[in-house]
Amino acid sequence: MTAISRRSFMEMAVALGATAAWGDLFATPSKTSWKERRDLFQEGVASGDPESDSVLLWTRRAPSGSASAEKLTVEIAEDKSFQRVVATAAAPISEASDWTCRVLVGGLKPAHVYWYRFTDHQGNGSRIGRTITAPADDDARPVRFAFISCQNANYGAQNAYRRMIFEDERAAEQDRLGFVLHLGDFIYELVWYPEDRPQGMYDRRIRDIVRYPHGEKHEDFHIPTVLDDYRAIYRAYLHDPDLQDARAHFPFVCMWDNHEFSWLGWQSLQKFEGVTRPAQTRKVAANQAFFEYQPGRLFKPSGPSLNQFDPPQVQDAPVTRFDEHGLGQEPNNLTAIASLRGYRAMRWGRNVELIITDQRSYRSEDPTGGPEASAFSSPDFPAFFPEEAQEILDAGSACNGGNPPASIRFGSEELANFRKDQPPQTILGAEQKAWFLERLRQSKATWKIWGNTTGTLDFRADPQNLPPGITKPWPGAGYAGFGGGDHGSAYVERGEIYDFVRNHGITGFATVAGDRHSFWAGLAANFLPPRPFEPVGIAFVTGSISAPGLVESFEHNFPKDHPLRSLFVGQGPSDKGPQPTMNMLLRHGVKSCLEYAKSGDISKARALSNPNLSPHLSFVDMGGHGYSVVKATSNSFETEFVCIPRPLERSERPDGGPLLYRARYRAALWSKGQSPKLEGQIIEGDPRFSI
Ligand SMILES: [Fe+2]
C-alpha cells in the first residue's frame with residue numbers, strides 16, 4: 001500500500017468518523033493475550049460491506065462494570081491462529097451505542113480471506129470471525145454469493161445457515177461464497193410471547209426470545225416502541241447459534257425490509273388495526289438499532305461518527321400533505337426517513353455491481369392496501385385481486401394517458417376509482433430512483449444486480465378460465481393478481497425502470513429479491529400477454545430462511561370446503577395431505593390444478609397449462625425455505641435455490657438437516673437488443689408443482 005492510499009483511507013475513515021485500522025504489509029504475530037469468552041461477547045462478531053481493500057468489523061461487548069465507555073482491541077490477521085496479524089487498533093465501545101463496536105479496516109489485499117477478533121483490556125476475547133475482501137475492479141474471476149431474507153427466531157429455526165456453512169466449508173476454493181446478501185426481515189419486530197398463543201403458530205412452537213421493556217400490545221402480539229426495544233430484538237436474534245455462526249463465517253451485506261421498522265410501515269408511518277398513524281420516533285429508533293447492529297456503509301446526516309448514531313430529535317406528528325411523488329412533507333417525517341440512508345452500490349471485480357435499494361422509507365402508500373380497495377376482493381375468490389384494477393389503481397392520475405376512469409367495473413358493480421386524483425405509485429421515491437437509474441447507466445460491470453428487498457415478478461392467476469359450475473363467475477375482466485406492495489404490481493415505476501434499461505442498451509440486468517417467502521426464477525418484463533412480452537433482464541426471489549410462507553398459511557387457514565381449495569392447497573386422489581398446488585396455479589393456471597385434483601397426474605395436469613399465464617416464470621415455490629446462491633461470470637449468471645424442509649425445530653445434524661431440492665437457473669449474457677433467456681435444471685429432489 002502506498003503512503004497516498006494510506007492517507008486517503010485515513011481521510012475517509014475520519015470523514016466516516018470510524019475507528020480505523022490499517023493493514024500492514026509486514027504481518028507480525030499477535031501481541032494480545034486473547035482468551036475466548038463467548039459469554040462476554042454474547043452477540044458474536046460480524047463483518048460487513050467488503051470492498052477490495054477494506055471491510056467493516058463488528059462486535060458487542062456487554063458492559064463489564066459501571067463504566068459508560070471502554071476500549072477493545074481489534075486484530076485482523078491472515079491466519080486463524082493470528083501469527084500473521086496485519087492490523088491492530090483500539091476500538092471504543094460505549095453505552096451510547098449499546099456497547100456495539102464498528103471498525104473500518106483498510107489497506108487489505110483484494111479477494112483475500114482474513115480472520116479477526118476483539119479483546120477487552122483484561123484479555124477476554126470474542127470468538128474469531130472470518131471475512132473476505134472483494135476482488136479488485138479489473139479482476140474477472142466469477143463472483144459467488146448467497147442471497148437470503150426473512151428469518152424468524154420467534155417461531156422458526158435457522159437451519160438454512162447451517163446448511164450454507166456446511167456446504168461452503170466443503171466447497172472447492174473457487175466455489176466458496178464471497179459474501180451473504182441479506183435482503184431484510186433480519187428481525188421480525190412483531191413478537192408473540194408464548195402465553196399469547198399457547199396453540200403455537202401453525203405447526204410451530206412460539207419461543208420466548210424477547211420481552212420488550214416498553215412494548216405495545218396489538219391483538220395478541222407485541223411491537224417495539226422505543227430504541228431499547230429495537231435493540232432488544234436484535235440482541236435476541238443474534239443469540240440464535242446458527243445466525244451467529246453465519247455472521248462469523250461470511251461478510252454480510254444487509255438491507256432492511258419492512259420488519260426492521262414496522263410490519264405495514266411505509267415512510268415513518270405504521271398501520272395497526274387498520275389505522276395509519278405517525279411513528280417518526282420509532283422510525284429513528286429502528287434506524288439507530290439497524291446502524292448499531294449491522295456493520296454497513298450507511299450514510300447518516302446526523303453526524304459522521306461510526307461509533308455513535310447521534311439520533312435527530314423528532315416528534316410523532318400527523319403526516320397529511322404529500323408531494324407529487326407521494327412523499328409526506330411533514331418535517332419530522334422527512335427527518336426520520338433521512339436519519340439513515342441504506343441504498344448503496346458495491347463492486348465485486350469486473351463482473352458484479354450490486355445496487356441495493358430501499359423499498360420502504362420513500363414509498364407511497366400501497367394503493368391496494370387501504371380499506372377502499374377491499375371492495376375488489378371477494379370471499380368467493382380468496383387472495384385474488386383483479387389485475388386491471390391493480391393497474392388502474394397503481395397508475396392513479398397518470399392512468400390512460402392522464403385520463404383515469406372515474407370508476408372500475410367489478411362484476412355487476414361500478415366501484416369508485418379512489419386513486420384517480422393521486423400520483424402514480426412509487427416504491428423507490430423520486431430521489432432514490434434517479435440515483436438508481438444513474439448507477440445502472442454508469443455501471444461497467446458485466447452484471448448489474450438490483451438488490452431489491454421485495455419481488456419484481458408478476459404474481460397472477462387465470463380465474464377467468466374456471467369452467468362454469470365450480471363457483472360463481474370471476475367478477476374481474478381477465479387475469480387476477482394478488483394485490484400490491486412490490487414491483488410485481490407497481491407497473492408504472494417498473495415500466496420506467498425497464499424502459500430505461502432497454503433505451504440505454506443495458507445488458508446483464510439481474511434482480512435478486514426477498515420478502516415473498518418463496519422461490520421464484522424468471523424474466524423481467526413490463527407486460528404479460530395479451531400484451532407483448534419483451535424481457536429486459538432476469539429476476540429471482542429467494543425463499544425465506546425460516547418465516548412461514550403462503551402455502552403454510554393456506555394449509556392451516558384455507559376453508560376445507562371451499563370450491564377453489566384445489567387451486568391453492570389441492571390434493572390428488574392418492575395424496576395423504578394438501579399439496580402446494582398454488583405453485584401450479586401461478587405457473588400453469590386453474591385448469592392444471594383442477595386436473596391434478598381429479599387425477600393426481602402431474603403430467604396430465606401440466607398438459608393443460610395456459611401458455612399466456614406466465615411466460616415470465618420458470619419456477620415458483622410458495623412454500624420453500626432456504627437460501628439462494630448466485631454465480632456471476634463474464635458470460636453467465638446462475639442462481640441456485642437450496643431448499644430445506646419447513647424449519648420447525650433446529651436440526652441436530654451438522655449439515656442443518658436434509659434438502660428438499662436444489663434447482664439451478666442460468667442465463668447466458670445477452671447482447672444489446674437481444675432478450676435474455678433462462679434455462680433450468682433440477683439437481684436434487686423433485687419440486688414437481690414448481691416447474
Ligand atoms: Fe418476511
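Just so you know, ligand 1 is whichever comes first in the structure, and atom 1 is the first atom listed for that ligand. What you see is a predicted model, and the numbers here were worked out from it, not measured in a lab.
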Geometric cation-pi criterion [X] and [Y], 6.0 Å radius, 45° cone:
X    : Y    : answer
R460 : Y479 : yes
R211 : Y193 : yes
R247 : W58  : yes

Would you check if the distance from the ring center of Y665 to the ring center of F619 is below 6.0 Å?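 Between F619 and Y665, which both carry aromatic rings, the centre distance is below 6.0 Å.
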Centres of the H222 and Y212 rings: under 6.0 Å?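 No, they do not, as the ring centres are separated by 6.0 Å or more.
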Going by side-chain hydrogen bond (donor to acceptor under 3.5 Å, both in side chains), name the residues that satisfy it together with H562, two or more places apart in sequence or in a different chain.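 Partners of H562 under the side-chain hydrogen bond (donor to acceptor under 3.5 Å, both in side chains) test: none.
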Can you list the protein N, O or S atoms less than 2.8 Å from the Fe ion (ligand 1)?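 Short answer, with waters excluded from the count: C150 SG, D185 OD2, Y188 OH, H517 NE2.
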